Amino acid sequence: MRKEQHHKGWNEIKTNDSWALFKIMGEFVNGFEKMSLIGPCVSIFGSARTKSDAKYYQLAIEIAKSIAEAGYGVITGGGPGIMEAGNKGAHIAGGTSVGLNIDLPFEQHDNPYIDSDKSLDFDYFFVRKVMFVKYSQGFVVMPGGFGTLDELFEAMTLIQTNKIEKFPIILVGTEFWEGLMDWVKDTMLKEGNISPKDLDLIKMADTKEEVVEIIDNFYKGHTHSPNF
């Protein structure tokens with residue numbers, strides 16, 4: 001006879017959730033201990049699906065090289081596509097190359113350009129996102145999908161609500177991002193759902209020189225430190 005599917009009751013779910021707290025704490029502790037040693041870094045986000053011959057892959061390499069040459073490390077999600085390009089650029093320039101990997105059923109796998117002692121693995125997206133925000137001195141956001149947008153809007157929300165200190169958020173690729181930003185201005189701002197000053201949280205760039213200039217100009221008046 002076919003066994004009836006077992007549905008967990010509230011008490012069983014509560015017990016499992018309580019034990020999960022130890023795994024969550026372990027990811028936080030391991031992340032804090034390793035990330036606190038890396039020094040000032042800039043996170044590069046973008047699609048895992050971007051091919052190595054695509055223009056934004058090549059641009060991400062050049063941006064990461066320039067960031068490393070300017071004295072910053074590079075943090076990525078540790079996977080393929082734009083993440084690989086970011087780590088590759090940092091590696092080529094001899095800079096710090098950090099990968100925050102997430103266990104996913106598809107797309108995600110370690111890229112070979114992460115420093116061997118700076119590759120961290122996470123099961124929980126929210127723990128991983130804390131590491132990005134806490135230890136990044138800026139976000140460089142290349143073209144990507146839902147995950148990229150998630151990181152972008154999370155950072156904007158935290159800065160907008162004063163939960164973290166302001167840091168540079170740079171959208172790379174005017175052609176890709178201008179439609180979204182037009183909607184933000186023409187719909188969100190027009191409807192009063194955001195304030196005009198919220199638009200100042202984002203800068204647009206198309207070259208490696210513009211990216212580094214935005215970051216350097218920001219830190220002429222700010223110190224490097226974890227964000228909370």
Side-chain angles (χ1 to χ4, degrees), residues 41-64 66-67 74-87 89 100 102 104 106-108 125-126 128-134 136-218 227:
C41 287
V42 173
S43 287
I44 297 179
F45 299 97
S47 177
R49 306 182 187 191
T50 303
K51 303 302 182 184
S52 60
D53 58 351
K55 69 174 183 177
Y56 286 118
Y57 184 101
Q58 298 301 321
L59 181 56
I61 291 176
E62 294 304 314
I63 288 172
S66 296
I67 288 172
V74 171
I75 304 173
T76 79
I82 294 296
M83 295 176 281
E84 178 182 285
N87 289 126
L100 307 183
I102 187 76
L104 295 177
F106 59 92
E107 286 187 359
Q108 185 78 6
F125 267 113
F126 66 91
R128 180 179 182 239
K129 289 202 291 185
V130 167
M131 301 304 154
F132 277 122
V133 172
K134 181 173 177 62
S136 293
Q137 306 298 298
F139 277 15
V140 173
V141 189
M142 308 290 295
F146 291 138
T148 302
L149 292 174
D150 181 39
E151 299 288 356
L152 167 64
F153 285 113
E154 171 116 6
M156 291 173 61
T157 301
L158 291 170
I159 294 173
Q160 179 200 48
T161 55
N162 294 319
K163 292 299 182 182
I164 63 172
E165 294 295 323
K166 183 178 180 181
F167 59 72
I169 299 175
I170 307 164
L171 303 184
V172 177
T174 302
E175 180 183 13
F176 182 88
W177 293 108
E178 63 182 350
L180 173 64
M181 293 310 299
D182 286 343
W183 177 80
V184 169
K185 296 172 187 175
D186 298 338
T187 301
M188 292 180 72
L189 180 60
K190 185 176 179 180
E191 293 291 329
N193 294 317
I194 61 172
S195 301
K197 67 179 182 179
D198 292 332
L199 298 176
D200 296 335
L201 299 177
I202 299 176
K203 303 294 184 183
M204 301 275 280
D206 286 298
T207 67
K208 62 181 182 180
E209 290 83 5
E210 291 174 318
V211 170
V212 173
E213 183 180 10
I214 291 169
I215 295 171
D216 281 346
N217 286 342
F218 180 88
N227 293 316

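Note that the coordinates shown come from a computational prediction; the quantities given were computed from them, not determined experimentally.
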With the side chain counted from C-beta on, respond yes when V172 and I44 share a heavy-atom pair under 4.5 Å apart, and no when they do not.
no
Residues in side-chain hydrogen bond (donor to acceptor under 3.5 Å, both in side chains) with E191, at least two apart?
none
Side-chain polar contacts of residues 201-209 - donor-acceptor pairs under 3.5 angstrom, sequence neighbours left out - could you list them?
{"unit_1": "D206", "atom_1": "OD1", "unit_2": "T174", "atom_2": "N", "d": "2.8"}
{"unit_1": "D206", "atom_1": "OD1", "unit_2": "T174", "atom_2": "OG1", "d": "3.3"}
{"unit_1": "D206", "atom_1": "OD2", "unit_2": "T174", "atom_2": "OG1", "d": "2.6"}
{"unit_1": "T207", "atom_1": "OG1", "unit_2": "E210", "atom_2": "N", "d": "3.1"}
{"unit_1": "T207", "atom_1": "OG1", "unit_2": "E210", "atom_2": "OE1", "d": "3.3"}

Residue pair P168 / I215: nearest heavy atoms and the distance that separates them:
CG-CA, 4.4 Å
Under the ring pair (Phe, Tyr, Trp, His ring centres under 6.0 Å) rule, collect the residues that match up with F218, sequence neighbours excluded.
H222
Identify every side-chain donor-acceptor pair in residues 140-162 under 3.5 Å, counting partners at least two apart or on other chains, and give the distances.
{"unit_1": "D150", "atom_1": "OD1", "unit_2": "K129", "atom_2": "NZ", "d": "3.2"}
{"unit_1": "D150", "atom_1": "OD2", "unit_2": "K129", "atom_2": "NZ", "d": "3.1"}
{"unit_1": "E154", "atom_1": "OE1", "unit_2": "K129", "atom_2": "NZ", "d": "2.9"}
{"unit_1": "T157", "atom_1": "OG1", "unit_2": "F153", "atom_2": "O", "d": "2.7"}
{"unit_1": "Q160", "atom_1": "NE2", "unit_2": "D198", "atom_2": "OD2", "d": "2.9"}
{"unit_1": "T161", "atom_1": "OG1", "unit_2": "T157", "atom_2": "O", "d": "2.7"}
{"unit_1": "T161", "atom_1": "OG1", "unit_2": "L158", "atom_2": "O", "d": "3.4"}

What's the separation between atom CZ in F125 and atom CG in L100, rounded to the nearest 0.5 Å?
12.0 Å
Between A85 and A64 the two heavy atoms that sit nearest each other are O-CB, 4.4 Å
Nearest-0.5 Å distance that lies between atom CE in M181 and atom CG in D186:
10.5 Å
Taken in chain and number order and not counting sequence neighbours, the residues that satisfy side chain to side chain contact (heavy atoms under 4.5 Å, CB included) with T50 are S47, A54, Y57, I82
Distance check, rounded to the nearest 0.5 Å: T187 atom OG1 versus I194 atom CD1?
10.0 Å
Show every salt bridge (Lys or Arg N to Asp or Glu O under 4.0 Å) that has at least one partner inside residues 159-182, sequence neighbours left out.
K55-E175
Looking only at heavy atoms, which two atoms of S43 and F132 are closest? And how far apart?
OG-CD2, 3.4 Å
Which distance, rounded to the nearest 0.5 Å, do you find between the CE of M83 and the CD1 of I75?
14.0 Å
Does Q58 use its side chain to pair, donor to acceptor, with the backbone of S52 at less than 3.5 Å?
yes
For F139 and F167, take the angle between the two ring planes, folded into 0 to 90°, and tell me which bin it lands in: parallel under 30, tilted 30 to 60, perpendicular over 60.
tilted
